[in-house]
Amino acid sequence: MGAAVRRGFGLVAFLPLASRMPTYARLIWALVLDERTPGDRKAVLAAALGYVLIGRDIIPDNIPLLGGLDDVIVVALAVDLFLDGIPRDLLNEKLASLDIDPVAFSDDMAGIRRLTPGPVRRTIRRIPDLIGFAGAALNETGLGPRLRSWISKEG
């Protein structure tokens, strides 16, 4: 059986996860609001949200079935990458506070990762380092503080 067909059948296994999405959304929101969450991981989520909201897609939304698939894949990859960079003790703290079974959570995340081809996952895992590199470069040039003050100015 080809990899694409196995991934297609894997999507069926993704359906039970849909019922747990509101709980996982609360987990992600709690982690985003926590100051201990690394900024580069928050930036990954912001970039994915921007991709979904801007509407410039890899696969246009007017193509039946496939049109929304790229948005789902981008969000799934971003969430996986976000969660991968959360310190373990912080993640465990939030799982406990939201009464999420850590074993079920790990199983769900493993299921999502199986839907993504290995080369794509390896490439995506480099993004936080690139964000950190870009941020350090901005700070070294002195543009970082000016950019932050420009963004935070009111009016």
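Considering CG of Asn92 and CD1 of Ile86, their distance stands at 11.5 Å, rounded to 0.5 Å. The line from CD of Glu35 to CG of Leu90 is 10.5 Å long, rounded to the nearest 0.5 Å. Separation of atoms CD1 (Ile28) and NZ (Lys42) is listed at 13.5 Å; rounding is to 0.5 Å.
For Ala43, the side-chain contact (heavy atoms from CB on, under 4.5 Å) partners are Ile131, not counting sequence neighbours. Residues forming a side-chain hydrogen bond (donor to acceptor under 3.5 Å, both in side chains) with Ser106 (at least two apart in sequence, or on another chain): none. Not counting sequence neighbours, the partners of Tyr24 by the ring-ring contact (aromatic ring centres under 6.0 Å, His included) test are Phe105.
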With a 3.5 Å cut-off and sequence neighbours excluded, list the donor-acceptor pairs that the side chains of residues 94-102 form with protein atoms.
from   : atom 1 : to     : atom 2 : distance (Å)
Lys94  : NZ     : Asp34  : OD2    : 3.1
Ser97  : OG     : Lys94  : O      : 3.0
Asp101 : OD1    : Val103 : N      : 3.3

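Note on residues 69-89: no pairs pass ring-ring contact (aromatic ring centres under 6.0 Å, His included), not counting sequence neighbours.
Of all heavy-atom pairs spanning Arg41 and Asp84, the tightest one is NH1-C, 4.1 Å. Scanning all heavy atoms of the two residues, the minimum distance from Pro38 to Gly85 falls at CG-O, 3.6 Å.
More than 12 heavy atoms of other shown residues, nucleotides or ligands fall within 6.0 angstrom of atom CZ in Arg36.
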